[in-house]
Amino acid sequence: LNGMLRIRGATTKYSVQRALLSLRAASTAATSKNVSYKIEDGIAVVTFDQEGSKVNTLSMDMADEFRTVMGELESNPEVKAAVITSGKKNSFIAGADINMFTKCKTSAEMEAISRPSHEMFAKLASGKPKVAAIHGDCLGGGLELALACHYRVASEHPKTKLALPEVMLGILPGAGGTQRLPKLVGLQAALPMMLTGKRVNAKSAKRMKLVDNTADPNALIDAAKLAAKQLASGELKVNREPKGMKKLLKNVLEDTEFGRNFVFKKAREAVMKQTRGNYPSPLKIIDVVQTSAEKGFGSKAGIDAEVQAFGELGMTPESKALVSIYFGQTACKKNPFGTPKVEDNTVAVLGAGLMGAGITEVTVAKGKQVLLKDATTKGLAGGISRVYGNLDKKTKRRRMTTFERDTTMSNIMGLTDADPNWQQHFGRADMIIEAVFENIELKHKIIKEMEKITPEHCIFASNTSAIPITKLAEASSRPQNFIGMHYFSPVEKMPLIEIIRHPGTSDETAARAYRMGLQQGKTPIVVKDVPGFYVNRCLGPYSDEGLALLLDGVSIETVDKALLDFGFPVGPMTLCDEVGIDVAVSVGKNLAGDLGVRVGTADPTLMQRVLDKGWLGRKSGKGLHIFPKGGKKQVNPEMVELIETVRKERNKPESGLTSIEDIQMRMVTRFVNETALCLQDDIISSPVVGDIGAVFGIGFPPFRGGPFRMLDAFGVTKFVDTMQRYRDALGEQFEPCDLLKDYAKTNKKFHE
């Protein structure tokens, strides 16, 4: 026990002998369906363990059981204090049961969820001391429960994360989070947590006073029980007052009306800059916290403001759209091909460029051994340096320790053609992920070479974005092990991966590829093997219309701003520069044979002239924009001149359809029409897959729920009418697909 009892903070001054006295055999125990407790030497250990679930969620039934248990303990004279913990492996409480929200039809029904939660946690915060013993995810209502406890101990484990992520569902914390969090940690720490939903680890939580103590996972319950005993006896006095500069900042910015107003003003400005006003929940969170700060955190006015805002936000279309994304993402976490039989512990990545380095990073971060191979030493060094640089940024932001960084890097083995034993190392690879240049001859050569030296069970996955998987598989002697795994750049940030089978791909290979995507922290979707797959196929018409708008007299800045205002995270012109103009042109040519007029309306010579000038976008420092080192990007004046030259050569009159709304709808209708065509042609299996792919693949506005949710909200009949109006004025590229026209007859919805 002396070896394992690594208790941090104030409790360490008490001896191990003292701790042993508190660990006597249980004298009382009680069990219900989801919440149980046992009493040991006057300390009740209450355990959440939701039946039939990998995680605990706070449902109405769970809350009723918890109320009953806490009522029994409060009235039991044998109990001096309580520890609240979880029986799950890596989950304290993952939040409220979101299904409760989807059943609500009115704001009043949403409020009826929030108000009783306040009452329950108010009782929890009174009476006998309660200590939250937190291991794993402590999110949303789980953190609100912990905040209502008198003391919090968190395990020093990578899986332990604390957050209030309600904003990601378009709502706000509805069980006292907007009251207790700012009161506990201050406005400056609380607002970023609530406005972004960011997760903090145990060490960060302790620094910000969100938890009082940390402990080794094996000693967590012992540490919590000791703290509970000391709180009950009065031996442990908790002092959470800030010191030094933190105290000074709090005095200036939080304890004065002028300071608070400054903090809230800056918070609103940051939210508007980030969201452009498209998301109501962050602004409502600021309103509620400001009201509570003025009237008193935990006051009737503060609680009423939270409950009312919770009810209002729950009925907004933005919240319903964001909740649908949550459920869609959850559905995509289930492997449709079943549980694989083979483990993939060693992954070989071919190509150490931007994509290969990104794939390496997300793979090695999950504990895999990675063999990173590049043709040259310089290329390999660049890839390893990129991975190290990204991990080092995490250490500087205190998201990982230098030891964790170095341990992760030690699992990467860098190899080149010059290494005499690289083939021997590849002989133990379970999976190869290829990320070399988009050249079919090169890829065919690599496939044949790798299959000679890798074991029979080894999967070969290509990250191609343009070449059909079926054509690549022609070079394989083990076609059953061949599959496409299309990542998005930058890999370490983009959450989507497309899984593409060819006719000979086995279910086992598909299952392993899907599982690998999940293990890498991605949201996988399965798509058909067609040019562009799903996301890039839909981007083709969208990008084509962007160029058409430039040739219709709209400026680069105006196009970008219009789509940013619509809700995209990046404007289409900036996106082209970020992806690479050479890549965009290559994808466009690849799609042309399949999509025809749907990607061929803008002048094809324009972007070719750009390439001829060596303008590739950010990677060359110049494209549609100029990217000065250390400075902000600016519109490339030479590009503006080139566009004007092409416009004069074309000698076409302007359409007059270039208002901000027209710019948005011209681009969005072409994108959404292509998503509907993908559903019509079985390229994707469902509207849910289409929504998830668009949101996570290119950042289709999340608050709109994806293209198919947007269609339902906009109305398919109205959408088709809009497209046909543009078709009559601008051309056949706006012809709505048969599926949309069929749905338009009755204004049918894609989601029930």
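Only heavy atoms go into these numbers, but all of them, side chains included; no hydrogens, no water, no symmetry mates. When a residue number appears, it is its place in the shown sequence, counting from 1.
Checking Asn463 against His486 by side-chain atom types alone, no donor-acceptor pair falls below 3.5 Å. Judged purely by distance below 3.5 Å, without hydrogens or angles, the side chains of Thr363 and Thr360 never pair a donor atom with an acceptor atom. Glu438 and Ser586 are not linked by any side-chain donor-acceptor pair at a separation below 3.5 angstrom, with hydrogens and angles left out of the test. In this model, no donor atom of one side chain and acceptor atom of the other lie less than 3.5 Å apart for Lys452 and Gln423. Side-chain contact check for Tyr726 and Gln733: no donor-acceptor pair (N or O, by modelled atom type) lies under 3.5 Å. No side-chain N or O of Thr416 forms a donor-acceptor pair with one of Asp374 less than 3.5 Å apart. There is a side-chain donor-acceptor pair under 3.5 Å between Thr470 and Asp529. Side-chain atoms of Asp691 and His751 include a donor-acceptor pair closer than 3.5 Å. In this model, no donor atom of one side chain and acceptor atom of the other lie less than 3.5 Å apart for Thr722 and Arg666. Neither side chain, Arg478 nor Thr509, offers a donor N or O lying under 3.5 Å from an acceptor on the other. Side-chain polar atoms of Asn536 and Ser465 form no donor-acceptor pair below 3.5 angstrom.
In plain terms, the two heavy atoms of Ile500 and Glu498 that are nearest each other are CD1-O, 3.4 Å. A pairwise comparison of heavy atoms in Thr523 and Leu496 identifies O-CD1, 3.3 Å as the closest pair. Closest approach of Gly614 and Ser620 over heavy atoms only: O-OG, 3.5 Å. A pairwise comparison of heavy atoms in Pro455 and Gly427 identifies CD-O, 3.3 Å as the closest pair. Minimum interatomic distance between Leu518 and Cys332 (heavy atoms only, all atoms of both residues): CD2-O, 4.1 Å. Nearest heavy-atom pair, Thr675 versus Ile684, reported as atom, atom and distance to 0.1 Å: O-CD1, 4.1 Å.
Once rounded to the nearest 0.5 Å, the distance linking CG of Leu624 with CG of Leu547 reads 7.5 Å. Atom CD1 of residue Ile412 and atom CD of residue Gln369 lie 10.0 Å apart, to the nearest 0.5 angstrom. Leu563 contributes atom CG, which lies 6.0 Å from atom CZ of Phe568 (distance to the nearest 0.5 angstrom). How far CD1 of Ile440 is from NZ of Lys445: 15.5 Å, rounded to the nearest 0.5 Å. In this structure, OG in Ser543 is found 7.5 Å from CE in Met573, a value given to the nearest 0.5 Å. For the atom pair CG of Asp582 and CE of Met607, the computed distance is 10.0 Å after rounding to the nearest 0.5 Å.
Figure legend: Arg709 and Phe750 shown without cation-pi pairing, the cationic atom not lying both under 6.0 angstrom from the six-membered ring centre and within 45 degrees of its axis.
Ion pairing between Asp392 and Arg405 holds under the 4.0 Å rule for side-chain N and carboxylate O.
Looking only at distances, no side-chain donor or acceptor of Glu361 sits under 3.5 Å from a matching main-chain atom of Glu492. Within the 3.5 Å criterion, the main-chain N or O of Ala473 finds no donor-acceptor partner in the side chain of Ser476. Without hydrogens or angle criteria, Ser506 side chain to Gln480 main chain gives a donor-acceptor distance under 3.5 Å. Asn439 contributes a side-chain N or O that, together with a main-chain N or O of Glu441, makes up a donor-acceptor pair within less than 3.5 Å. Panel note: side chain Ser385, backbone Gly382; no donor-acceptor pair is recorded below 3.5 Å. Formation of a donor-acceptor pair under 3.5 Å by the Glu674 side chain with backbone atoms of Gly540 is not found in this model. For Thr454 (side chain) and Met450 (main-chain N/O), a donor-acceptor pair under 3.5 Å exists by modelled atom type. A donor-acceptor pair is defined here as one N or O able to donate and one able to accept, closer than 3.5 Å; such a pair exists between the side chain of Lys522 and the backbone of Val491. Counting only distance, with no hydrogens or angles, the side chain of Asn590 and the backbone of Ala466 share a donor-acceptor pair below 3.5 Å. Using modelled atom types, no side-chain atom of Gln520 and backbone atom of Val362 make a donor-acceptor pair closer than 3.5 Å.
Between Val559 and Leu550, the closest side-chain pair of non-hydrogen atoms falls below 4.5 Å. In this structure, the side chains of Gln634 and His625 stay at 4.5 Å or more apart for every pair of heavy atoms. Glu638 is listed as a side-chain neighbour of Lys622, based on a closest heavy-atom distance under 4.5 Å. For the pair Phe533 and Ile683, the minimum side-chain heavy-atom distance is 4.5 Å or more.
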Problem set entry | Pair Glu649-Arg609, salt bridge (charged side-chain N to carboxylate O under 4.0 Å, His left out): steps then yes or no | CA-CA 14 Å; Glu649 291 172 358; Arg609 292 192 205 186; 2.5 Å; yes
For this session: Determine, stepwise, if the pair Asp594 / Arg537 fulfils salt bridge (charged side-chain N to carboxylate O under 4.0 Å, His left out).
Result: CA-CA 10 Å; Asp594 216 38; Arg537 191 177 181 89; 2.8 Å; yes
Problem set entry | Residues Thr601, Arg670; criterion side-chain hydrogen bond (donor to acceptor under 3.5 Å, both in side chains); working and verdict | CA-CA 12 Å; Thr601 53; Arg670 291 192 63 187; 3.3 Å; yes
For this session: Report the C-alpha separation of Glu644 and Arg647 in whole Å, then their side-chain angles, then the decisive distance to 0.1 Å, and conclude whether the salt bridge (charged side-chain N to carboxylate O under 4.0 Å, His left out) test is met.
Result: CA-CA 5 Å; Glu644 284 303 311; Arg647 289 186 68 214; 3.2 Å; yes
For this session: Apply salt bridge (charged side-chain N to carboxylate O under 4.0 Å, His left out) to Arg598 and Asp544, showing your working.
Result: CA-CA 8 Å; Arg598 303 204 300 276; Asp544 184 60; over 6 Å; no
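Remark: Arg501 pairs with Asp507 by the side-chain hydrogen bond (donor to acceptor under 3.5 Å, both in side chains) rule, at least two apart or across chains. With sequence neighbours excluded, the residues forming a side-chain hydrogen bond (donor to acceptor under 3.5 Å, both in side chains) with Thr505 are His502, listed by chain and number.
A perpendicular orientation is assigned to the rings of Phe671 and Tyr542, their planes being inclined by more than 60° (bins at 30° and 60°). Using cut-offs of 30° and 60° on the angle between ring planes, the pair Phe700 and Phe566 is perpendicular.
Partner of Asp344 under the salt bridge (charged side-chain N to carboxylate O under 4.0 Å, His left out) criterion, out of Arg428, Arg515, Lys366: Arg515 alone.
The 12-atom threshold is not exceeded at CZ of Arg399, counting heavy atoms of other residues, nucleotides or ligands nearer than 6.0 Å.
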